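Here the structure comes first, spelled out in C-alpha cells, and everything after it is commentary.
Everything numeric in this text was worked out from a predicted model, so none of it was measured. Atom set for the values below is all heavy atoms of this structure, side chains included, hydrogens, waters and symmetry mates excluded. Numbers restart at 1 for each chain; the letters A, B, ... are given by sequence-line order, proteins then strands.
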Amino acid sequence: MFRPADEQLKILCAGAVQIETVDELRKKLEESRAAHRPLRVKLGMDPTAPDIHLGHTVVLRKMREFQDLGHKAVLIIGDYTAMIGDPSGKTRTRPMLAPEAIKRNAETYFQQAGKVLDTAPDKLEIRYNSEWLAGMSFADVLRLASHMTAAQILQRRDFKERLQNDVDIALSEFLYPLMQGWDSVVVRADVELGGTDQLFNNLVGRELQRDEKQESQVVMVMPILPGLDGVQKMSKSLGNYIGVSEPPNEVFGKAMSISDELMWGWYEMLLGKTQAEIAALKAGHPMEAKKTLAAALVERFHGAEAAQAARDHFDNQFSKKKLDEVAEPLAVPAGKIGLIELVEKTGAFKSRGDIRRIIQEGGVQLDGQKLTDPKVVIEPRAGQILRAGKRVVRKIELAG
RNA sequence: GGAGGGAUAGCGAAGUGGCCAAACGCGGCAGACUGUAAAUCUGUUGACUAACGUCUUCGAAGGUUCGAAUCCUUCUCCCUCCA
C-alpha cells in the first residue's frame, strides 16, 4: 500500500528548506512501509488569527502530500499555547487571547484548512493541546522546563534581538517551545512540519522525545511565503495576504498586483514548479504567466469554473476595459445628487474628505468622463458607469 | 527599595507656551507611466464643510494661562543604571 521509500522521499523533500534529518526520514518511511503503519505527521496551528492565507498553505500542501502517500496528518490546534502566543519571528509580546476567541478561530481554521487537507477521518486527526497541557501541575511544568537551559533558549535569534533592543519578553514565552515540543511527545509525532520560523520550536520536540525515550521526530521546515509587498512575510496583521476564503475576483486581482520577481517565488512555493518549468514560463510574457498563476490559485480554492470567470472579469475590467461587464449595481434615488454623495453610496471609502480628495485628484469618472469638481451636482441616469479609484466600478440603477 | 529617562497620528521619529491638525521617513490612497505589474515621478494622507472655518487628537485625569503636545500636580505603563 505504501510506495517505495525513495519514491516518497523524492516527493516529500521537494520544496523543503531544511530536513532534520533526511536519513531519519528515509528510515522512517522504510519502516512504515514494512510495517504497514502510516507515519504520524504533526502540524501545529496557532489559532490567534481567524483566517488561513496562502502563506499557511505552503506547509499545508506539504502535509497533503504526506496524506496522499498514505500517511496520517495530526493537526494540533494550539488552543492552549495560543494563550501565550508564539514568539517566533515576533518583535513584541503578543496579547493573550480569550478562550472564546480561540475556540471560534479554531473552528474557522479547521474549515479553511479543509480546502487543502484531506479531511477523511483516517487521514486526519485533530487534537487540541489544551487536552494535555491544561491539566499539567506546576511540578509538571517545572520538570518540563528543566529540560532546557537558559542559554539554549536565548540562542534563538528572535529572543536575542528582542533582548538587545530592550523589547519585552514575557517569561511565559520561554515556555512556548517546550509546550509545543511536549505536543510532539504526546501525539508521538514521526514528523513535524512548519515554516522556517518554527525550526527552533520543532527541534525542541526532538530533544523532548529523546528524553522521553521516544524516537525523535523528523523536522521538516518549509519556506516562508513573502506577502503581496514582496518584502515581508505574508501575514494577516501586515495586510499583505490573500486569504483562502476570499472571493475569486479578490484572489485574482491581488495575485496580479504582485511584482514579477515575486511571482516566480510564488510559482515555486505555491505551485511547486521546478526551476526548469519556471525558466520556460519566463520565456513568455510575464503578464500571461501571472494570469496563469492567479487562475491556478483561484482554481485551488474555488474550482476551475470560478478561475475562468475571475480571469474574464479581470480582462474585462483592466485589459479590455469593458466596464459594463464588471460593474456592480449601485442603487441611487432618482433626481439630482452631489458627486460626493453619489460616490459615498458605494460604501468603499472611509470618509467624505477621502472622497473629495480622490475626486480632486482625478480618480472619479462617470461614463469615462473625469469629474474633478467635488461640489458638482449631477443627475445620474440608469446604466451609467461610475468609477472611483482603481477598483470601484458601479453601474447606476435608479431607485424609487 | 534608590537615581535617572521616556510615552506624539497606522508605524518610526521631530517638536518643549501662540506661526501645531503637529516637520521628516515608511506605510496608505489617487494620478502619470504600464502589463490594474514592479520600479519611478507627482499629488495627497484626522473629521465635518463648496469655502471661511468649526470640532476632536500628542499615555490618563485635573490645574496654571488670553492661549498647552509643550508649564505644574496626581495617576498608569515602559526603559536604563544601582541594590
Step through the shown structure and confirm whether more than 12 heavy atoms of other residues, nucleotides or ligands are within 6.0 Å of [atom1] on [X].
X         : atom1 : value
Lys345(A) : NZ    : no
Gln369(A) : CD    : no
Glu261(A) : CD    : no
Lys320(A) : NZ    : yes

Provide the distance between the two [atom1] atoms, one in [N] and one in [M], to the nearest whole Å.
N      : M      : atom1 : value
C26(B) : U45(B) : C1'   : 13 Å
C20(B) : G35(B) : C1'   : 44 Å
U8(B)  : C71(B) : P     : 16 Å
A39(B) : A21(B) : C1'   : 33 Å
U49(B) : A32(B) : C1'   : 30 Å
A23(B) : A13(B) : C1'   : 10 Å
C72(B) : A22(B) : C1'   : 23 Å
A9(B)  : G4(B)  : C1'   : 29 Å

Quick one: [X] [atom1] to [N] [atom2], roughly how many Å, whole number?
X         : N      : atom1 : atom2 : result
Leu262(A) : G35(B) : CG    : P     : 20 Å
Phe318(A) : G35(B) : CZ    : C1'   : 12 Å
Arg391(A) : A30(B) : CZ    : C1'   : 12 Å
Gln365(A) : G31(B) : CD    : C1'   : 11 Å
Leu293(A) : A38(B) : CG    : P     : 15 Å
Arg387(A) : A30(B) : CZ    : P     : 10 Å
Lys390(A) : A30(B) : NZ    : C1'   : 8 Å
Ile355(A) : G28(B) : CD1   : C1'   : 16 Å

Pair partner, [N] [Watson-Crick or wobble, under 3.5 Å]:
N      : value
G1(B)  : C82(B)
C52(B) : none
C75(B) : G59(B)
A23(B) : none
A13(B) : none
U64(B) : none
A30(B) : U42(B)

(Q) Closest-nucleotide mapping onto RNA chain B: is Lys370(A) or Lys291(A) further toward the 5' terminus? I mean the 5' end. (A) Lys370(A)
Q: Identify, between Phe349(A) and Met256(A), the residue whose nearest nucleotide on RNA chain B lies closer to the 5' end.
A: Phe349(A)
Does a salt bridge link [X] with [Y], judged by any charged N lying under 4.0 Å from a carboxylate O?
X         : Y         : answer
Asp197(A) : Lys233(A) : yes
Glu24(A)  : Arg206(A) : yes
Lys28(A)  : Asp190(A) : yes
Glu30(A)  : Lys27(A)  : no

Q: Could you check Lys375(A) against Arg356(A) for side chain to side chain contact (heavy atoms under 4.5 Å, CB included), going step by step and ending with a plain yes or no?
A: CA-CA 9 Å; Lys375(A) 52 183 192 288; Arg356(A) 192 172 296 122; over 6 Å; no
Please enumerate all protein N or O atoms sitting under 3.5 Å from an N or O of nucleotides 48-53 of chain B, with distances to 0.1 Å.
| unit_1 | atom_1 | unit_2 | atom_2 | d |
| --- | --- | --- | --- | --- |
| C48(B) | OP1 | Arg352(A) | N | 3.0 |
| C48(B) | OP2 | Arg352(A) | N | 3.3 |
| C48(B) | OP2 | Gly353(A) | N | 3.0 |
| U49(B) | OP1 | Arg352(A) | NE | 2.8 |
| U49(B) | OP1 | Arg352(A) | NH2 | 3.2 |
| U49(B) | OP2 | Arg352(A) | NE | 2.6 |
| U49(B) | OP2 | Arg356(A) | NH2 | 3.4 |

(Q) Students often mix this up, so state it plainly: with edges at 30° and 60°, are the rings of Tyr267(A) and Trp264(A) parallel, tilted or perpendicular? (A) parallel
Q: Just say parallel, tilted or perpendicular for the rings of His71(A) and Phe66(A), cut-offs at 30° and 60°.
A: perpendicular
What are the atom names and distances for every N/O pair under 3.5 Å that joins the protein to nucleotides 39-43 of chain B?
| unit_1 | atom_1 | unit_2 | atom_2 | d |
| --- | --- | --- | --- | --- |
| G43(B) | N2 | Glu361(A) | OE1 | 3.1 |
| G43(B) | N2 | Glu361(A) | OE2 | 3.1 |
| G43(B) | N3 | Glu361(A) | OE2 | 3.3 |

Q.
Under 4.0 Å, heavy atoms only, any strand: does Gly230(A) hit a base, just the sugar-phosphate, or nothing?
A. nothing
